[in-house]
Amino acid sequence: MSESLLRTVPAEGFDVARVRMDFPILQRRIHDHPLVYLDNAATTQRPLQMVEAMNRYYLEYNANIHRAIHTLGYESTVAYEEAHKKVARFINARSWREILFVRNATEALNLVAMTWGKANLRAGDEVVVSLMEHHSNIVPWQMLRDSLGIILKFIPVTSDGVLDLEAADRLITPKTKLVGLVHASNVLGAINPVSEIRDLARRAGALFVLDGAQSVPHMAVDVQALDCDFFAASGHKMLGPTGIGFLYGKKSLLQTMPPFLTGGDMIATVSQEASTWNELPWKFEAGTSAVAEGIGLGAAVDYLTTLGMDNIYQYEKELGDYALQRLRNVSGLKLYGHERGESLAVFSFNLEGIHPHDGANALDRFGIAVRSGHHCAQPLMNRLGMDNTLRASFYLYNTKAEVDLLVDALGEIKKLFRA
Amino acid sequence: MSESLLRTVPAEGFDVARVRMDFPILQRRIHDHPLVYLDNAATTQRPLQMVEAMNRYYLEYNANIHRAIHTLGYESTVAYEEAHKKVARFINARSWREILFVRNATEALNLVAMTWGKANLRAGDEVVVSLMEHHSNIVPWQMLRDSLGIILKFIPVTSDGVLDLEAADRLITPKTKLVGLVHASNVLGAINPVSEIRDLARRAGALFVLDGAQSVPHMAVDVQALDCDFFAASGHKMLGPTGIGFLYGKKSLLQTMPPFLTGGDMIATVSQEASTWNELPWKFEAGTSAVAEGIGLGAAVDYLTTLGMDNIYQYEKELGDYALQRLRNVSGLKLYGHERGESLAVFSFNLEGIHPHDGANALDRFGIAVRSGHHCAQPLMNRLGMDNTLRASFYLYNTKAEVDLLVDALGEIKKLFRA
Amino acid sequence: MTAPNPNDLLDVDPLMMDVLLDHYKHPHNFGALPGADIVHAEGNPSCGDQMEIALKTKDGTIEDIRFQGKGCIISQAAASILTDMMKGERLDRVRELTKDDMLENIGIPIGPMRLKCALLALKVLKAGVYGQAEWPGEEDD
Amino acid sequence: MTAPNPNDLLDVDPLMMDVLLDHYKHPHNFGALPGADIVHAEGNPSCGDQMEIALKTKDGTIEDIRFQGKGCIISQAAASILTDMMKGERLDRVRELTKDDMLENIGIPIGPMRLKCALLALKVLKAGVYGQAEWPGEEDD
Ligand SMILES: Cc1ncc(COP(=O)(O)O)c(C=O)c1O
Ligand SMILES: Cc1ncc(COP(=O)(O)O)c(C=O)c1O
Ligand code: FES
Ligand code: FES
């Protein structure tokens, strides 16, 4: 835990070499090659500053929060509340009490379905999501369909990989009680037209839920400007720890919703007969909170804020443009999406004659970490006519040199498979 | 991250001075006094070995698990599965697939109520828990009472703080579908007569759920010998990270239960129409798992195993006996429990004329961290005729000298409050 | 990493401690108030302590005010002080009273862990008189 | 901290790679089996690939066996090899076949990340013939 680990990142500009020094794992060699980590849409790497923030909690002021009066309890309570405030500032929430810490984006979306959904949806009510959703914004609604008899509809995706807005206009009707949308696709990188869909939801009087798991790590997010009712995200996709994510919800909604999990810390009183609930956000954080993880997420947000989300977006945009151009020139490579509209540096593709799992397995031999599979978006995959793809997803520490290494390795692999 | 941090604990005997070296926080000074940390029933401190295990994951082989084929994904998947195996061995589960990682004991108990409970309980069915339960084993059943119309009954507690077994015998009937019991009380330290209650549950054909949040950190647990159907615990109370806990469940039950949260990683297939579930334990771990925390929990289990749970129990027993004798001699101190049966070194007490929060606040001035409040067990508190208490709870790094410091400080505080 | 814990009864000036202890052991305006026209009780979520405040008003003025309930030295002293302050005041003043007013009148430094103790009486009063839902100082949280 | 990842297609002996590629591009016993008396399909949960195996049996002997479905080089080669192995064998042998038998016959080192690829065919066969629910080797997990 030397002092050197605690140095801060430069306040201005974007110096990728400097950034990479904060991520020691990037120095690893895999099968005698330097690690090229391109699996960032699955989970990102972690800067020392984040890890150190958690270490300090564990080794210097660890205690259970809330009801403790002693000094360690005071210090950890303040730090944990401050983490909520950092996230609130990061996405421009009106109040830190609108930030609920959960395990991950999946739990955030389940929370919406299992609390607001159960309390407000009736048989015949309609929930509309897009066909581009991650499973975490599909299956919880299917569960409600099966238990409550709601109707689940999907906004179609065109063959070039964007939302069919005309169909959305027809699908979202006064029967629609909630519209769920992935802010940026984890398969295609597509940044969806939020305001168009939100306006359709508003016209119908429906709630509007954004799955920001892929957007908030890469671009500035302002929940008041987006005017969503809920916004879900995962810490591990934005330099933060595993085991933590957040759900933003408008205070007026959170106040009237029933609780989610129940037990300690989320109650005001418990008797044999009945219980009453604690104030926000604690009403939704049952049991001992993920204190270290909350503090770690706060540190990750600090890191991103110091670099500046607009700088990060610009850097990744340039990197993504370069990768797009190079990938498009690989023969036998079929790329999905990236034809219309804005996209993040997330590239799903297939190599003719090579199963994606074999491709990923072989790329690992060159030190290159990409993901293969259905990316938890099977309905989208089916729509685009594939079962699985390779996916290379970039983040702020990746470089153009790494794009080149990827493209070179793809050439080698084609030889190996005689493809 | 120097090598010295990685040294292991001695394999035999119990050397508390050596143990304390693994917990750097114990060197802290609070208001010019050495920290005396006696809030272990709320959360324990963390050994370097545990923190280092998580650091290694984050800084050396961090990746998302499951579907990744690359080397980092392989390493983290193996480590995360191995953590399940460590916990399984620690509590002698038949299979590591019977270990579900959750956020904390609260989530574990909610999981039982919201999956097994919702699928199997009908209006009029009875759930019996004890009046000694933590809120986390009460409120989830109250929620089912309100939504399903089940009947919730409480096994009474005698005025000297033990379960009323005769009443239990009358309360647990063929109408009883589930019996929930706290293995060791977080207020009184009482270790409950598991086999008696379990036999009553079995006679009635009811499931038997143990809340082991307070027991498993302090004593050897064998779920096959206990013959419980579910066993819930929290990592942060057993030297592990925040944000992780586990639920043990018998495989035959887990297999037939509906899933809990839904989304990525817990599914086998998802289409617009329907979804199918993944194998155990992943069916119950929706979304990206708390990978670092699972690995940290495994390291905590390693630490405890190396010291030996029987050694730990013996050491704490001796320490508890000493504390009991000294606390009993403090005039004006009313101690709850510890009159009959076996107990852990957890002491709830009040000082005449001093509100517990004031007492805890003043103890902090002497560097002593205790908890004050209702300890998330309001029904028990009411039964014993108090609203809140001070609670000093010990763990493996505490010493007799710390007991003396506590007792001395109690004397000072009485003077301050003219009590 | 954070400001030191200011919430420390033993750092309190011994004279101040005597004042507080006196309020604690002999609270002013303690007990039931027969014929009250406003009676309201609430709990402190961080400890479970309950406090009731009762008022008798006439023409918008607080003629009498009493509190009851168990609590710590800080909450009891605060209630004792607040009820003294409000007796004979116009009811409108309840709206104007802020968190800072209350803390000033208690006269010892209050840290975040005891803040609700210090504000419980004011919270109950505001909730009883005009239904304020948030804790004083958290209106714009 | 853990054993190195053995699951590495490029470490495979080039000759072995040729064998696998041949199975992949020209799988044996591939396609539908009209008149089959056992037909069973299952997916590999770690990738979503589906495989179907069909058998024609007579007097407890496997007269013909075929598979279909998309998959990786390992799953396709394994199915190609397994169906070759089982053709003409007694149906009882399906029960006896172990995970290790299958891995040996594939002939390249298989790491945990590709294990289900290697065992998918055997899993489908066992599930189809006698309803085994667990993956081979996980019966006592
Ligand atoms: C007996 C008992 N059960 C359950 C819990 C809940 O644990 P957690 O807050 O980690 O969910 C606790 C912790 O206070 C406890 O003492
Ligand atoms: C768009 C999107 N939504 C939700 C999730 C779920 O995130 P988590 O697995 O952290 O719950 C992911 C992660 O894969 C994602 O990409
Ligand atoms: S401790 Fe309950 S009001 Fe202060
Ligand atoms: S990748 Fe699907 S079976 Fe191998």
Side-chain angles (χ1 to χ4, degrees), chain A residues 24-25 30 39 42-43 45-46 51 55 58-60 62-64 67-72 103-104 106-107 110 134-136 138-140 142-143 154 234 236 241-244 261-264 267 269-272 275 286-288 290-293 357 360-361 364 369 371-373 376 378-379, chain B residues 24-25 30 39 42-43 45-46 51 55 58-60 62-64 67-72 103-104 106-107 110 134-136 138-140 142-143 154 234 236 241-244 261-264 267 269-272 275 286-288 290-293 357 360-361 364 369 371-373 376 378-379:
Chain A
I25 200 171
I30 305 284
D39 195 13
T43 202
Q45 295 303 336
R46 279 47 171 214
V51 172
N55 287 351
Y58 280 130
L59 302 177
E60 296 174 18
N62 158 63
N64 208 323
R67 295 170 205 279
I69 274 187
H70 50 74
T71 295
L72 299 181
R103 182 170 34 245
N104 48 31
T106 301
E107 188 180 31
N110 275 268
H134 188 275
H135 291 163
S136 55
I138 298 175
V139 193
Q142 289 181 334
M143 301 297 281
F154 290 84
S234 286
H236 68 94
T242 53
I244 193 96
L261 307 186
T262 56
I267 58 96
T269 58
V270 174
S271 71
Q272 293 184 46
S275 300
T288 301
V291 183
E293 290 73 22
H357 269 48
N361 202 162
D364 182 56
R371 185 141 296 237
S372 55
C376 299
Q378 285 183 338
Chain B
I25 200 172
I30 306 283
D39 194 15
T43 202
Q45 295 303 335
R46 277 53 169 208
V51 172
N55 286 351
Y58 279 130
L59 301 177
E60 296 174 18
N62 159 63
N64 208 323
R67 296 171 205 277
I69 275 189
H70 51 74
T71 295
L72 299 181
R103 181 169 35 243
N104 48 30
T106 301
E107 189 180 30
N110 275 269
H134 187 274
H135 291 163
S136 54
I138 297 175
V139 192
Q142 290 181 333
M143 300 297 282
F154 290 84
S234 287
H236 67 93
T242 52
I244 193 96
L261 306 187
T262 56
I267 59 97
T269 58
V270 173
S271 71
Q272 292 184 46
S275 299
T288 301
V291 183
E293 291 72 23
H357 269 47
N361 202 161
D364 181 56
R371 186 142 295 237
S372 55
C376 299
Q378 285 183 337

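No experiment lies behind these values; they were computed from the predicted model shown.
Comparing Val139(B), Thr262(B), Thr106(B), Ile138(B) by heavy-atom pairs within less than 4.5 Å of chain A, the highest count is held by Thr262(B). The greatest number of non-hydrogen atom pairs below 4.5 Å with chain B, out of Ile244(A), Thr43(A), Asn110(A), is found for Asn110(A). When each of Thr288(A), Ile267(A), Ile30(A) is checked for heavy-atom pairs under 4.5 Å with chain B, Thr288(A) comes out on top. For the options Ser275(B), Gly373(B), Ala63(B), Pro24(B), heavy-atom pairs under 4.5 Å to chain A are most numerous at Ser275(B). Heavy-atom pairs under 4.5 Å with chain A peak, among Ser234(B), Ala286(B), Ala360(B), at Ala286(B).
Contacts of Asn62(B) with chain A are made by both backbone and side-chain atoms, with heavy-atom separations under 4.5 Å. Within the 4.5 angstrom heavy-atom criterion, atoms from both the backbone and the side chain of Asn64(A) approach chain B. Within the 4.5 angstrom heavy-atom criterion, atoms from both the backbone and the side chain of His357(B) approach chain A. For Gln142(A), the part lying under 4.5 angstrom from a heavy atom of chain B is the side chain only. Both the backbone and the side chain of Leu261(B) come within less than 4.5 Å of a heavy atom in chain A. Proximity to chain B (any heavy atom under 4.5 Å) is restricted, for Phe154(A), to the side chain, taken from C-beta onward.
The NE2 atom of His70(B) sits 11.5 Å away from the CG atom of Asn361(A) when rounded to the nearest 0.5 Å. Here Arg46(B) contributes atom CZ and Thr242(B) contributes atom OG1; the two are 6.0 Å apart, rounded to the nearest 0.5 Å.
Of all heavy-atom pairs spanning Gly243(B) and Ala290(B), the tightest one is O-CB, 4.0 Å. Across all non-hydrogen atoms, the minimal contact from Glu293(B) to Pro241(A) is OE2-CB, 4.5 Å. Closest approach of His135(B) to Pro140(B), counting heavy atoms only: O-CD, 3.8 Å. Across Gln45(A) and Tyr58(B), no two heavy atoms sit closer than the pair OE1-O, 4.1 Å. A pairwise comparison of heavy atoms in Leu72(B) and Glu60(B) identifies CD2-O, 3.9 Å as the closest pair.
Residues passing the ring-ring contact (aromatic ring centres under 6.0 Å, His included) test with His134(A), sequence neighbours excluded: none.
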